[in-house]
Amino acid sequence: MEVKRKILLNPGPATTTDSVKMAQIVPDICPREKEFAGMMREIREDLVRIVHGDPEKYTSVLFCGSGTICMDICLNSLLPENKKILVINNGAYSQRAAEICRYYNLPFTDLQFKVDQLPDLKEIEQKLQEGDIALVYATHNETGTGILNPIRAIGELAHRYGAILVADTTSSYGMIPIHIEKDNIDFCMASSQKGLMAMTGVSFIIGNREWIRKSGEYKKRSYYCNLYMQYDFFERTGEMHFTPPVQTVYALKQAIREYFAEGEQKKWERHTQVCEAIHQGLEELGFREVIRREWQSGLVVSVKYPADEHWNFEKVHDYCYERGFTIYPGKIADADTFRLCALGAITAGDIRDFFKVFREALQKMQIRVPAVYGTEA
Ligand SMILES: *Cc1c(COP(=O)(O)O)cnc(C)c1O
């Protein structure tokens with residue numbers, strides 16, 4: 001079967017290989033069979049291995065849902081009585097974490113920073129000194145802007161004050177090399193459709209077994225979305241508590257095989273080359289980026305809309321989309337931006353092909369090249 005190849009430059013789901021797509025076509029199976037549980041066990045071990053976790057100390061727990069389910073679960077499951085959460089908030093995804101805390105009525109501090117700035121470690125330490133914080137929550141690659149937060153330093157501070165670090169690594173896992181223990185992470189998370197380049201529908205939390213076991217005694221705030229309950233079921237039976245997304249799990253298994261075949265370092269180099277091609281293409285057209293280059297994750301590039309009367313993101317998007325390239329609007333409060341992401345099974349060559357089409361779109365619409373900007377920086 002031929003499937004048309006599309007280049008997704010949106011922040012996930014990512015472009016997948018045909019072999020991952022085809023891995024979903026399997027004989028019907030009841031996921032309560034030993035064969036399926038055996039595959040789940042291997043996947044759980046591999047997900048820990050990807051972040052170099054000691055399997056005695058760390059485990060992974062899978063859930064049926066998109067990435068946000070992991071944010072929800074970590075926040076609602078890992079807070080002991082009479083303690084607080086500290087959300088380090090410098091972007092749309094941390095903002096989402098703060099909203100989750102609000103919806104569950106969890107005691108939390110929303111420590112806000114500018115979206116184009118790194119969080120201030122001194123301010124974080126001050127909040128920790130005030131006491132009562134048991135859980136520090138930070139986003140690694142803030143996908144809304146592409147800023148990379150210093151989770152290792154944040155984790156070190158958290159540990160110094162007896163708190164755990166929950167890091168949202170949804171858009172860095174499987175791309176930026178992560179070492180769960182050296183990076184001072186107690187819990188991280190991802191979703192199969194981002195760095196692992198598989199299908200949407202299965203997400204996972206990787207974390208410290210001891211803390212998960214402890215959390216068994218914490219207040220249960222959700223029935224479907226509780227970390228300990230799902231962990232306990234997996235440990236006893238090897239299965240998800242409720243029906244897993246069967247075909248999506250087969251695709252994930254294949255994607256993990258391809259991850260290890262490509263190799264951690266090689267894969268990161270490929271993403272880096274893709275990102276460099278994005279920077280180069282933008283520079284050639286005079287487009288300006290939002291985040292200082294040295295603070296960027298190397299996976300998401302946020303671009304300012306030019307101050308050109310002919311600029312129309314929708315129309316540029318549609319022109320590119322019709323030719324197989326998907327670009328994505330920004331997620332930055334008061335700035336008009338769009339994003340180009342270096343996720344997925346794509347190469348620097350795909351990016352060069354994209355810029356040919358993008359340039360055509362600009363010409364067609366009489367948008368000036370190099371792009372024009374007003375007086376603001
Ligand atoms: C994609 C992503 C999520 C999950 O978003 P969903 O829409 O639920 O898939 C969470 N955090 C970050 C940083 C992400 O990039």
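Just follow the structure's listing: the first ligand is 1, and inside any ligand the first atom is 1.
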* **Residue Thr143 vicinity, atoms of ligand 1 by number, heavy atom under 4.0 Å** => 12 (C), 13 (C), 14 (C), 15 (O)
* Asked: Any idea which protein heavy atom is nearest atom 14 (C) of ligand 1, and the distance to it?
  -> Lys194 NZ, 3.0 Å
* Given that the side chain starts at C-beta and the backbone is N, CA, C, O, which of these parts of Glu142 lies under 4.0 Å from ligand 1, counting heavy atoms, or is it both or neither? -> neither
* To do: Output yes when Arg160 and Glu156 qualify as a salt bridge under the 4.0 Å nitrogen-oxygen rule, no when they do not.
  => yes
* At a non-hydrogen distance cut-off of under 4.0 Å, which region of Gln193 contacts ligand 1 (side chain, backbone, both, or neither)? -> side chain
* Please verify whether a non-hydrogen atom of Met189 lies at under 4.0 Å from ligand 1. => no
* Asked: Which ligand 1 atoms, with their elements, are less than 4.0 angstrom from a heavy-atom of Met71?
  -> 10 (C)
* Examine Phe36 together with Tyr250 and report whether their ring centres are nearer than 6.0 Å. => yes
* Structure fact -> Near Asp168 (heavy-atom distance under 4.0 Å), the atoms of ligand 1 are 10 (C), 11 (N), 12 (C), 13 (C)
* **Distance flag, aromatic centroids of Tyr137 and Phe108, threshold under 6.0 Å** => no
* To do: Pick one of side chain, backbone, both or neither for how Thr170 approaches ligand 1, counting any non-hydrogen atom pair under 4.0 Å.
  => side chain
* Does Lys315 come within less than 4.0 Å of Asp318, counting only side-chain N to carboxylate O? -> no
* Do any N/O atoms on Tyr93 end up under 3.5 angstrom from N/O atoms on ligand 1? -> no
* Would you check if the side chain of Thr326 reaches a backbone N or O of Tyr321 as a donor-acceptor pair within less than 3.5 Å? => no
* Using a strict cut-off of 4.0 Å, indicate which atoms of ligand 1 neighbour a heavy atom of Ser171. => 13 (C), 15 (O)
* To do: Keeping the roles fixed (side chain from Ser171, backbone from Asn141), state whether a donor-acceptor pair exists under 3.5 Å.
  => yes
* To do: Establish, for the pair Arg323 and Tyr319, whether the NZ or CZ atom is under 6.0 angstrom from the six-membered ring centre and no further than 45 degrees off its axis.
  => yes
